[in-house]
Amino acid sequence: MGKIQMTTPIVEMDGDEMTRILWKMIKDELLEPYIDLKTEYYDLGLEHRNETNDKVTMDSAEATKKYGVAVKCATITPNAARMEEYHLKEMWKSPNGTIRAALDGTVFRTPIIVKGIEPVVKNWKKPITLARHAYGDVYKNTEIRVSGAGKAELVFTSEDGTETRELIHQFDGAGILQGMHNTDRSITSFAHACFQYALSTKQDLWFATKDTISKKYDHRFKDVFAELYENEYREKFEDAGITYFYTLIDDAVARVMKAEGGFIWACKNYDGDVMSDMVSSAFGSLAMMTSVLVSPDGVYEYEAAHGTVQRHYYKHLKGEETSTNSVATIFAWTGALRKRGELDQLPELVEFADRLEKATLSTIESGKMTKDLAMITSLSDVAVLNSGDFIKAIRETLDSNR
């Protein structure tokens, strides 16, 4: 059979460490033998970001706006240790944060459910989708290391020169400062995306912040959601038989642990980052969660919700065997290919994405899996495969189902 032909490229953002190794394996074994893969390639590996002064990250975001669909490998967000390890010019910001800010989208993350991997929260029967605001907060922050005593103020200067000042803290010694921001426009886009996604999937929507403490910042999020719901979405939600409610983030955590799932949990940027890891891990593995950034303009960027698997990469560099779960990275590719096929009206590309996902899950359900899943599966007589052999096993399943 001939390869599936694509008409429009997908923006491909390569990444770091073990996920970069898996990225190439997936392309070599699961994609290029079946698809005449067209991508516009950007190397977002930390070394290349450093060489380009992080320009490559913005270039990849602009390309995503142009082509409408992107797929991204996990990348390093450097800390002090990474700065020394990679001899960086400066401590570059999170590539995800930069891309999300450029696209001003919302990240929807949903656990990948597979037979034999049971949630550790026993009452969870259905997936819980995290809707994560993808702009601002700590991902676009400004920080200062305070060297000694002094006064810290928050200052806003309007276009007419008027200043508004609030005392942050009167320091009597060294400390630290952090400034964050958000915009009504971005918060409104986030709220619309959440309401529309809930309607399209017919799931209840929860939204949670900490407005009792953050009486202006978090409260603004709460007010925007409430206004939009009352003015535009209440009747639609009632007609669809679904509900929306707001609660404090700590109350939401308690409710989630007792719920059965099947709803969307909307969170601010950092809350969504942390809670999506908690939900994915509790459903089985950080490597078993889909993640898609959806912009208000209808642009889509697919990625795995986990990190670069640094520990496995160091083992790989030593020539030691690894058993790294590639499912979320595979599903990032299938998500992007499916969306590309839908936008370009290529049903064969959509069908291939469906088949590859089915083959991936069928391989696990047959008892062939990576170590992280083997440690928690309810299946018996499982075969623990290394990183490469797991991907090859998926290819065998895919070929047998053609």
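This chain uses plain numbering: 1 for the first residue, then up along the sequence. This structure is a prediction, so every number in the text was calculated from the model and none was measured.
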message = What I want to check is whether the side chains of Thr57 and Thr98 have a donor and an acceptor closer together than 3.5 Å.
response = no
ask   = Is a side-chain donor-acceptor pair under 3.5 Å present for Tyr246 with Thr209?
value = yes
message = Using the rule given for salt bridge (charged side-chain N to carboxylate O under 4.0 Å, His left out), can you reason through Arg82 versus Glu17, listing the C-alpha separation, both sets of side-chain angles and the distance that settles it, and then say yes or no?
response = CA-CA 12 Å; Arg82 296 295 205 167; Glu17 298 189 318; 2.7 Å; yes
request  = Evaluate the criterion salt bridge (charged side-chain N to carboxylate O under 4.0 Å, His left out) for residue pair Asp218 and Lys222; output intermediate values, then yes/no.
outcome  = CA-CA 7 Å; Asp218 281 24; Lys222 177 184 177 182; over 6 Å; no
request  = Apply side chain to side chain contact (heavy atoms under 4.5 Å, CB included) to the pair Lys371 and Met375, showing each step before the final yes or no.
outcome  = CA-CA 6 Å; Lys371 184 178 179 181; Met375 293 174 65; 4.1 Å; yes
task = Using modelled atom types only, decide if a donor and an acceptor are shared between the side chain of Arg109 and the backbone of Ser291 within a distance under 3.5 Å.
result = no
query = Can you say whether the rings of His316 and Tyr313 are parallel (under 30°), tilted (30 to 60°) or perpendicular (over 60°)?
reply = parallel
ask   = How about Leu167: does its CG atom have over 12 heavy atoms from other parts shown lying under 6.0 Å from it?
value = yes
remark   = Output for pair (Asp43 CG, Thr75 OG1), nearest 0.5 Å, gives 11.0 Å
query = So His87 and Asn50, side chain to side chain contact (heavy atoms under 4.5 Å, CB included) or not? Walk me through it.
reply = CA-CA 9 Å; His87 309 292; Asn50 192 54; 5.9 Å; no
task = Would you kindly say whether Ser94 and Asn96 are connected by a side-chain donor-acceptor distance under 3.5 Å?
result = no
request  = Kindly say whether Ala359 contributes a backbone atom to a donor-acceptor pair with the side chain of Ser362 at under 3.5 angstrom?
outcome  = no
ask   = Measuring from Leu356:CG to Arg338:CZ, what's the distance to the nearest 0.5 Å?
value = 9.5 Å
query = Looking at CG of Asp59 and OG1 of Thr52, how far apart are the two atoms once the value is rounded to the nearest 0.5 Å?
reply = 7.5 Å
query = Asp16 pairs by side chain to side chain donor-acceptor pair (under 3.5 Å) with which of Gln310, His48, Arg49?
reply = Arg49
inquiry  = Can you see whether Tyr270 engages His133 through a side-chain donor-acceptor pair at a distance of less than 3.5 angstrom?
reply    = no
request  = Could you please spell out the steps behind the salt bridge (charged side-chain N to carboxylate O under 4.0 Å, His left out) verdict for Lys66 and Glu62?
outcome  = CA-CA 6 Å; Lys66 176 181 177 181; Glu62 292 302 316; over 6 Å; no
More than 12 heavy atoms of other groups within 6.0 Å of Glu230 CD = yes
inquiry  = Has Arg132 got a side-chain atom pairing as donor or acceptor with Asn269's backbone, closer than 3.5 angstrom?
reply    = yes
message = Working note: Lys318 + Lys315, criterion side chain to side chain contact (heavy atoms under 4.5 Å, CB included); need CA distance, chi angles, decisive distance, verdict.
response = CA-CA 5 Å; Lys318 295 176 183 177; Lys315 289 181 65 177; 5.8 Å; no
message = One thing to verify: whether Glu303 and Arg100 come together as a salt bridge, which I'm taking to mean a side-chain N less than 4.0 angstrom from a carboxylate O.
response = yes
task = Measure the shortest side-chain to side-chain distance between Ile242 and Gln203 over non-hydrogen atoms and say whether it is less than 4.5 angstrom.
result = no
ask   = To the nearest 0.5 Å, how far apart are CZ in Phe283 and CE in Met289?
value = 8.0 Å
request  = Kindly indicate whether the side chain of Leu343, heavy atoms from C-beta on, has any atom under 4.5 Å from the side chain of Val69.
outcome  = yes
Flag if over 12 foreign heavy atoms under 6.0 Å of NZ, Lys65 = yes
message = Rounded at 0.5 Å granularity, tell me how far CD1 in Ile264 sits from OG1 in Thr129.
response = 6.0 Å
task = Heavy atoms only: give me the nearest Thr308-Ile76 pair and the separation to one decimal.
result = CG2-N, 3.8 Å
key: Heavy atoms of other groups near Glu166 CD, more than 12 under 6.0 Å   = no
ask   = Do NZ/NE/NH1/NH2 and the carboxylate oxygens of Arg165 and Glu153 come within less than 4.0 Å?
value = yes
task = Using the six-membered ring wherever Trp is involved, compare the ring planes of Phe190 and Phe221 and label them parallel, tilted or perpendicular (cut-offs 30° and 60°).
result = perpendicular
message = Ignoring hydrogens and geometry beyond distance, is a side-chain donor-acceptor pair present between His192 and Tyr233 at under 3.5 Å?
response = yes
request  = Taking Ser281 for its side chain and Met278 for its backbone only, find out whether a donor-acceptor pair lies under 3.5 Å.
outcome  = no
message = Distance check, rounded to the nearest 0.5 Å: Leu228 atom CG versus Arg234 atom CZ?
response = 13.0 Å
inquiry  = Between Asn386 (side chain only) and Gly388 (backbone N and O only), is there a donor and an acceptor less than 3.5 Å apart?
reply    = yes
key: Ionic contact status for Glu29 with Lys392, cut-off 4.0 Å   = no
key: Minimum heavy-atom distance Tyr139-Gly97, with the two atoms named   = CB-CA, 4.3 Å
request  = For residues Lys210 and Leu248, report the shortest heavy-atom separation together with the two atoms involved.
outcome  = CA-CD2, 4.2 Å
task = From the options Lys24, Lys72, Lys27, select the one residue that forms a salt bridge (charged side-chain N to carboxylate O under 4.0 Å, His left out) with Glu12.
result = Lys27
ask   = For Asp354 and Lys358, what are the C-alpha separation, side-chain angles and deciding distance, and is it a salt bridge (charged side-chain N to carboxylate O under 4.0 Å, His left out)?
value = CA-CA 6 Å; Asp354 292 342; Lys358 184 178 178 181; over 6 Å; no
request  = Before giving the answer on side chain to side chain contact (heavy atoms under 4.5 Å, CB included), spell out for Leu349 and Asp344 the whole-Å C-alpha distance, their side-chain angles and the decisive distance to 0.1 Å.
outcome  = CA-CA 9 Å; Leu349 194 58; Asp344 292 353; over 6 Å; no
request  = Go through the side-chain N and O atoms of Asn182 and Tyr135 and say whether any donor and acceptor fall under 3.5 Å apart.
outcome  = no
task = For Tyr302 and Ala332, work out which heavy atoms get closest and say how close.
result = CB-O, 3.3 Å
query = Taking everything shown except Glu235 itself, do over 12 heavy atoms lie less than 6.0 Å from its CD?
reply = no
request  = Check whether the side chains of Glu301 and Thr64 place a donor and an acceptor atom closer than 3.5 Å, and report yes or no.
outcome  = no
request  = Return the minimal non-hydrogen interatomic distance between Ala70 and Ala336, and the atom names on each side.
outcome  = O-CB, 4.0 Å
Residue pair Pro127 / Pro111: nearest heavy atoms and the distance that separates them = CB-CD, 4.2 Å
